There are 2 protein chains.
Amino acid sequence: MDATQTRERILGAADALFGELGFDVTTTRDIAERSGVNKALIHYHFGTKDDLLEALLEGYYAKLGEALTAALGRRKGLAAQVEEVLDAYADFLAEHRSFTRIVQREVASGRHVERVVQRTLPMFQLGMTWLDEALTGAPRDFDAVQVLTTVYGMVVTWFTYGEVLRQLSGKDPFAPAALAARKRHVKKVVSLLLAEVEGRR
Amino acid sequence: MDATQTRERILGAADALFGELGFDVTTTRDIAERSGVNKALIHYHFGTKDDLLEALLEGYYAKLGEALTAALGRRKGLAAQVEEVLDAYADFLAEHRSFTRIVQREVASGRHVERVVQRTLPMFQLGMTWLDEALTGAPRDFDAVQVLTTVYGMVVTWFTYGEVLRQLSGKDPFAPAALAARKRHVKKVVSLLLAEVEGRR
DNA sequence: CTCGTCGTTAACCATTTGGTTAAACCAAAC
DNA sequence: GTTTGGTTTAACCAAATGGTTAACGACGAG
C-alpha cells in the first residue's frame with residue numbers, strides 16, 4: 001500500500017465518520033480502525049485531527065466548485081443556467097451525503113464555523129455576482145442576497161431534514177424519483193420568482 | 001438561591017454554550033463555570049449531560065409549539081395564517097438564536113439525531129395536516145411535503161447561514177430591518193406559490 | 001553493499017472528561 | 001434543641017483522548 005492509498009483510506013474513513021458522528025465525537029482511533037491503518041499514520045499524513053478536516057473540506061469544495069463552474073458553462077441564459085446549477089448542486093449533495101451533514105453541522109456553531117464560512121462565502125459571492133447582473137432592477141425584496149439564500153435553502157434543507165422527511169412520508173427522500181421531484185419543485189419555484197422579477201421590472 | 005433558580009441558571013448556561021460550541025465540545029465544567037454553580041449540581045438536578053440537552057429541547061419545543069398554535073389562531077384563511085405562522089416561527093428563531101444552532105447541528109448527524117427528529121416531526125406533521133387541506137388538487141410538485149420543506153428551509157437557512165450572509169453583505173443579517181426584509185421576501189415567495197396553486201387548480 | 005528517505009508500528013504520555021460519593025450546610029417543622 | 005429533607009460542596013476515579021517518539025522495514029540510488 002503506497003502513501004496515496006493510505007491517505008485516501010484515511011480521508012474516506014474520516015468523511016464517513018464525520019458525516020455520521022460529527023467531528024467532535026469521532027476519535028482518531030475510530031478513523032484508524034475504519035480505515036484499517038495505524039492511528040499514528042493520521043498524524044504522519046495529515047498532522048492534527050483539525051488538519052484532517054481541513055483536507056477533507058478542501059477536497060470537497062474544490063470538487064463542488066468544478067461542478068458548478070461546469071454547470072454554468074453548459075447553457076446560456078439565466079433561466080437555463082439556474083437549472084443547470086441547481087442540478088449540479090443537488091446532484092453533488094446527493095452523491096456526497098456526508099458533505100451536507102458536515103457543513104450543516106459546522107456552519108453555525110462549534111469550533112469550525114470560520115473554516116466552513118470561509119469556504120462557503122466564495123460560492124455565495126459567485127452567486128451574487130451572477131444574480132446581481134440578472135436581477136438588476138428587480139422589485140423590492142427580490143435582491144440577489146434574498147434570492148440566493150432562498151434557492152440555496154430550498155435545496156440544502158431537503159438533505160438536512162432527510163430523516164424528518166423520511167418519517168413524515170414513509171418514503172426515502174433520497175431515492176432518485178424523490179430527488180427528481182424535489183428538483184422539479186425547486187425549479188418551478190425559481191421560475192415563479194424569475195417571472196415575478198421580469199414582470200415587475 | 002433555591003433549586004428553581006439553580007436549574008434555570010444551569011439551563012441558561014447550557015443553552016448558551018451548546019449554541020456556541022456545540023453539545024459535544026461543551027464540558028460540564030464549562031457549564032458549571034458559566035452558571036456559577038458546582039459541577040455536581042448538574043448531575044443532581046438533571047442527571048447526565050444528555051439529560052440536560054433533553055430538558056433544554058423539551059423547553060424549546062414546548063414554547064415553539066405554543067407560539068405556532070397561538071399564531072394559527074390569530075386569523076382565518078390560508079394566506080393570512082401562513083403569514084402569522086411565518087412571523088411566529090421567524091420571531092422565535094430570532095429570539096432564540098441558540099435554538100437554531102443546536103437543532104441545525106444535531107438534526108442530520110451526531111448522537112442526537114433521533115432526539116431532534118422526534119421533536120421536529122410533530123411540527124412537520126401539523127404543517128402537513130394543515131397544508132394538505134389547503135393544497136387539495138394542487139398541481140404536480142406542489143404537494144404539502146414540498147411546500148412545507150420549501151417554506152421551512154427559506155426561514156431556517158437565513159439563520160443558519162447568518163455568518164456567511166454577514167460577511168457577504170457587510171451587514172448584520174439579524175438586525176430588525178434585515179429580518180423584516182427576510183420575512184417580506186419569504187411571504188412574497190409563498191404568495192407566488194399559493195397563487196400558482198390556486199391558478200392551476 | 002551502504003545510505004538516505006519515506007512510510008509504518010507499538011508503546012507511551014499528560015491531560016481531560018462525565019459521573020460518583022460522602023460529608024457539610026441550610027431551613028423548616030416538631 | 002433535635003430531626004428531617006433538600007441542596008450543595010470538594011474530592012475522587014476510571015476511562016478516554018490527541019498527539020509524540022523511537023525503532024523498524026522497504027525501496028531506490030550511488
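Predicted model only: the values in this text are computed from it and were never measured.
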J.: Hey, does the side chain of A:Arg166 reach the backbone of A:Asp172 with a donor-acceptor pair shorter than 3.5 angstrom?
T.: no
J.: Between B:Lys39 and A:Thr27, just flag the one whose closest nucleotide in DNA chain D comes earlier from the 5' side.
T.: B:Lys39
J.: Starting at the 5' end of DNA chain C, which residue's closest nucleotide do you reach first, A:Arg29 or A:Tyr44?
T.: A:Tyr44
J.: May I have the distance from B:Asp2 (atom CG) to D:dG5 (atom C1'), rounded to whole angstrom?
T.: 15 Å
J.: Tell me whether the OP1 or OP2 atom of D:dT8 has a side-chain N or O from B:His43 closer than 4.0 Å.
T.: no
J.: Kindly indicate whether the side chain of A:Lys49 and the base of D:dG19 share any N or O donor-acceptor pair separated by less than 3.5 Å?
T.: no
J.: What's the CG-P distance between B:Leu41 and C:dG19, to the nearest Å?
T.: 15 Å
J.: Answer yes or no: is there an ion pair linking A:Arg182 with B:Asp141, defined by an N-O contact shorter than 4.0 Å?
T.: no
J.: C:dG18 P sits how many Å from B:Phe46 CZ, rounded?
T.: 16 Å
J.: With a 4.0 Å cut-off on N to O distance, would you call B:Glu54 and B:Arg119 a salt bridge?
T.: yes
J.: Please classify the nucleic acid contact of B:Thr26 as base, sugar-phosphate, or nothing, using heavy-atom distances under 4.0 Å.
T.: sugar-phosphate
J.: Rounded to whole angstrom units, what separation is found between the CZ atom of B:Arg111 and the C1' atom of C:dG18?
T.: 11 Å
J.: Between B:Arg105 and A:Asp24, is there a salt bridge with N-O shorter than 4.0 Å?
T.: yes
J.: Looking at the side chain of A:Ala3, which of D:dA10, C:dG7, C:dT9 is the nearest nucleotide?
T.: C:dG7
J.: Round to a whole Å and report the spacing from CD1 of A:Ile42 to P of D:dG19.
T.: 10 Å
J.: In whole angstrom, give the distance that lies between atom CD1 of A:Ile10 and atom P of C:dG7.
T.: 11 Å
J.: Quick one: A:Leu17 CG to D:dT17 P, roughly how many Å, whole number?
T.: 13 Å
J.: Is the phosphate of C:dT8 approached by A:Thr6 (side-chain N or O, under 4.0 Å from OP1 or OP2)?
T.: yes
J.: Atom CZ of B:Phe23 and atom P of C:dG18: how far apart are they, to the nearest Å?
T.: 8 Å
J.: According to a strict under-4.0 Å criterion, is A:Thr48 in side-chain N/O contact with OP1 or OP2 of D:dG18?
T.: no
J.: For a quick test of reading the model: is some side-chain N or O of B:His45 closer than 4.0 Å to OP1 or OP2 of D:dT8?
T.: yes
J.: Can we say B:Arg34 and B:Glu20 salt-bridge, meaning some charged N sits less than 4.0 Å from an Asp/Glu carboxylate O?
T.: yes
